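Read the structure below first, then the notes.
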Amino acid sequence: MSELHDLMTAFAAIGSTGDGGVCRLTGTPADKQARDLFVREISQRGLLPRIDPIGNMFGVAMLMPASQDIVMVGSHLDSQPTGGRFDGAYGVLAGLLAVQALRDRAIANPGQARRNLAVVNWTNEEGARFQPSLTGSSVFAGSLALEDAYACRDGDGIALGAALDAIGYRGSSELEFRPVRYVELHVEQGDRLERAAADIAAVSGAWVTRKMSLVFEGEVAHTGPTPMARRRDALRAAARAIEALYSEVEHDNAGAHAAAARISVFPNSPNVIAGRVRVWFEIRHHNEAVVLATSNRFLERSQKEANALGVEISMAADEHRETILLDPAGVDLVHRVAGDLGMKALTLQTVAGHDALAIQRRIPVSLIFVPSEAGLSHNPREFTAPDALDKGYAVLTETLWRMVTAAS
Ligand SMILES: [Zn+2]
């Protein structure tokens with residue numbers, strides 16, 4: 001499907017990091033450039049462009065003008081600072097081509113389509129510049145208030161609302177249709193499909209995630225003459241906590257995934273013992289009890305280690321993402337389509353967060369994975385073979401066709 005590969009190449013050039021990857025943080029010039037190109041592609045293909053107040057972008061195909069109902073397909077065009085070219089962009093661009101192809105198919109088969117269809121690019125899925133992640137899809141689903149989303153600030157204090165204004169993507173009205181289903185095609189970002197030599201995964205649910213951000217309060221002092229015994233070193237306490245997280249997870253051996261991937265240090269000077277450090281921790285597992293037990297052991301141990309160093313710990317954020325079950329009928333449909341197309345399909349749970357997980361609070365969703373080579377993602381070397389991309393596109397298109405033509 002050379003058109004898909006050409007589109008992927010065109011978008012990979014926007015915010016290119018020169019090493020195969022992309023950096024397209026929400027509300028930046030690179031985000032604007034990707035959005036501008038997406039609008040052009042929507043219009044050139046005869047779809048109707050729409051932008052809602054949080055900057056979610058839609059390209060609508062009126063397959064059944066008498067109906068208010070709309071099936072949606074999409075993902076996100078923003079990326080991590082070290083993003084790969086497939087994460088998100090694949091789902092948006094395959095969705096764009098699928099909507100165009102199905103519009104043509106509906107014209108060639110009059111009377112078959114019963115509802116409308118739209119491709120969507122959700123704002124700030126990654127949460128790299130503005131937290132929380134899944135911002136646009138959460139506003140659309142009604143689980144995040146628009147004003148709260150606008151007020152999210154980046155590291156320089158710039159609010160998301162102002163950033164959207166600055167790039168011209170703060171829309172003025174909600175999508176005028178009634179969403180009935182959402183489908184997202186995404187690279188797996190893990191290695192389970194590859195290990196099973198399978199083509200497609202129908203995602204049945206999501207792992208439980210606990211994201212904790214801890215603040216370590218010590219005391220600033222000269223790194224040289226200050227007597228060792230009187231130091232209250234916040235960075236040292238943070239280092240012990242980071243190691244405590246990994247060792248609890250490894251010791252438990254239950255298969256949980258954990259990381260401490262962001263740190264801020266005050267005053268961050270080589271000559272001043274850190275007085276205040278904040279670290280972002282997360283732990284994921286399909287079983288909530290494992291997440292709770294492991295994270296609580298980690299917290300207890302960190303507290304004990306910090307006490308011994310004269311450092312105080314406080315919890316700045318503690319976010320639980322509960323286990324999610326996706327619509328089983330959607331899982332069955334993806335399996336039937338993959339089977340009809342002669343592909344090998346698995347059922348998996350997603351470890352990573354996706355817009356589909358936000359949208360499932362409002363309407364039934366289907367999340368479809370294609371293999372990621374070596375399970376590598378959020379990395380410039382993220383890769384999925386062209387043939388695997390084509391298979392995902394084929395499953396996506398047929399799944400959407402059955403959704404827009406189904407009797408109910
Ligand atoms: Zn993604």
Side-chain angles (χ1 to χ4, degrees), residues 1-9 12 20-21 73 75 80 83-95 97-98 101 183-207 253-257 259 284-287 323-357 365-403:
M1 177 78 191
S2 66
E3 199 175 6
L4 174 60
H5 307 153
D6 291 347
L7 267 179
M8 297 283 301
T9 303
V73 53
S75 195
Q80 289 291 332
R85 59 170 68 188
F86 300 90
D87 180 355
Y90 172 51
V92 174
L93 301 176
L97 294 182
V183 184
E184 181 162 358
L185 177 64
H186 205 281
V187 289
E188 183 197 344
Q189 306 178 289
D191 65 353
R192 293 167 295 177
L193 276 172
E194 188 180 69
R195 279 192 283 118
D199 303 305
I200 291 291
V203 177
S204 60
W207 277 24
N253 205 23
H257 289 191
R284 306 177 193 233
H285 193 272
H286 60 81
N287 181 347
T323 186
I324 291 172
L325 287 180
L326 300 185
D327 174 41
V331 173
D332 289 346
L333 176 58
V334 170
H335 272 281
R336 278 201 304 279
V337 168
D340 291 348
L341 296 174
M343 296 179 204
K344 179 176 176 184
L346 302 182
T347 302
L348 293 180
Q349 287 186 302
T350 177
V351 180
H354 293 289
D355 289 309
L357 303 184
V365 307
S366 301
L367 180 57
I368 305 169
F369 284 165
V370 297
S372 289
E373 201 166 282
L376 195 63
S377 186
H378 290 177
N379 182 304
R381 297 201 314 282
E382 173 186 277
F383 185 74
T384 297
D387 175 56
L389 297 177
D390 290 349
K391 285 179 173 169
Y393 171 76
V395 169
L396 178 71
T397 306
E398 185 57 28
T399 298
L400 288 169
W401 179 249
R402 294 186 193 185
M403 286 177 177

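Remember, it's a predicted structure, so these values are computed and weren't measured experimentally. Because only heavy atoms are used, hydrogens play no part in the values below, and waters and symmetry mates are left out as well, while side chains stay in. Numbering starts at 1 and runs along the sequence shown.
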F86 side chain reached by V370 side chain, heavy atoms, under 4.5 Å
no

Hey, is the main chain of Q189 close enough, under 3.5 Å, to the side chain of S372 for a donor-acceptor pair?
yes

Is there side-chain contact between I200 and V334, with heavy atoms separated by less than 4.5 Å?
yes

Shortest non-hydrogen contact from A198 to P371?
O-CG, 3.5 Å

Test Y90 against T384 for side-chain contact (heavy atoms from CB on, under 4.5 Å), laying out the working first.
CA-CA 10 Å; Y90 172 51; T384 297; over 6 Å; no

Sorted by first residue and then second, give each ring-ring contact (aromatic ring centres under 6.0 Å, His included) pair with at least one member in residues 328-352; sequence neighbours left out.
none

Scanning both residues in full, the closest heavy-atom pair of M343 with A394 reads CE-CB, 4.2 Å

Looking only at heavy atoms, what is the nearest atom pair of V92 and S75, with distance?
CG2-C, 3.4 Å

dist D87:CG -> E188:CD (nearest 0.5 Å) comes out at 12.5 Å

Hey, mind stepping through V365 and V183 against side-chain contact (heavy atoms from CB on, under 4.5 Å) and telling me if it holds?
CA-CA 6 Å; V365 307; V183 184; over 6 Å; no

Would H186 and D355 satisfy side chain to side chain donor-acceptor pair (under 3.5 Å), going step by step from the backbone distance to the final call?
CA-CA 10 Å; H186 205 281; D355 289 309; over 6 Å; no

Sub-3.5 Å donor-acceptor pair from the side chain of E184 to the main-chain atoms of S366, do we have one?
no

Would E373 and E194 satisfy side-chain contact (heavy atoms from CB on, under 4.5 Å), going step by step from the backbone distance to the final call?
CA-CA 7 Å; E373 201 166 282; E194 188 180 69; 3.6 Å; yes

Step-by-step side-chain contact (heavy atoms from CB on, under 4.5 Å) determination, L341 to K391
CA-CA 9 Å; L341 296 174; K391 285 179 173 169; over 6 Å; no

Nearest 0.5 Å, what's the CG-OG1 distance between L185 and T399?
9.5 Å

Point-to-point distance, once rounded to the nearest 0.5 Å, from CE of M8 to CG of L93
6.0 Å

Stepwise side chain to side chain donor-acceptor pair (under 3.5 Å) check, E382 with S377
CA-CA 5 Å; E382 173 186 277; S377 186; 2.7 Å; yes

Partners passing side-chain hydrogen bond (donor to acceptor under 3.5 Å, both in side chains) against T323 (at least two apart in sequence or in another chain)
none

Please give me the minimum heavy-atom distance between L346 and A196, naming the atom from each residue.
CD1-CB, 3.8 Å

Exam field: side chain R284 to backbone V351, donor-acceptor pair closer than 3.5 Å:
yes

Would you please test D199 and K344 for salt bridge (charged side-chain N to carboxylate O under 4.0 Å, His left out) and show each step?
CA-CA 5 Å; D199 303 305; K344 179 176 176 184; over 6 Å; no

Restricting to side-chain contact (heavy atoms from CB on, under 4.5 Å), what partner residues turn up for A329, sequence neighbours left out?
D327

Which atom names give the shortest non-hydrogen contact between A98 and L400, and what distance separates them?
CB-CD1, 3.9 Å

For the CG atom of D191 and the CG atom of L376, what is their distance to the nearest 0.5 Å?
10.5 Å

Taking side-chain contact (heavy atoms from CB on, under 4.5 Å) as the definition, give me every residue that meets it alongside R336, ordered by chain and number, with sequence neighbours left out.
D332, L333, R402

Can you sort out the partners of T350 under side-chain contact (heavy atoms from CB on, under 4.5 Å), two or more places apart, ordered by chain and number?
V203, A206, A352, H354, L357, L367, F369

Test of understanding: with side-chain contact (heavy atoms from CB on, under 4.5 Å), list the residues that count as partners of D390, not counting sequence neighbours.
M1, L4, H5

Parallel, tilted or perpendicular: rings of H285 and W207 (30°, 60°)
tilted

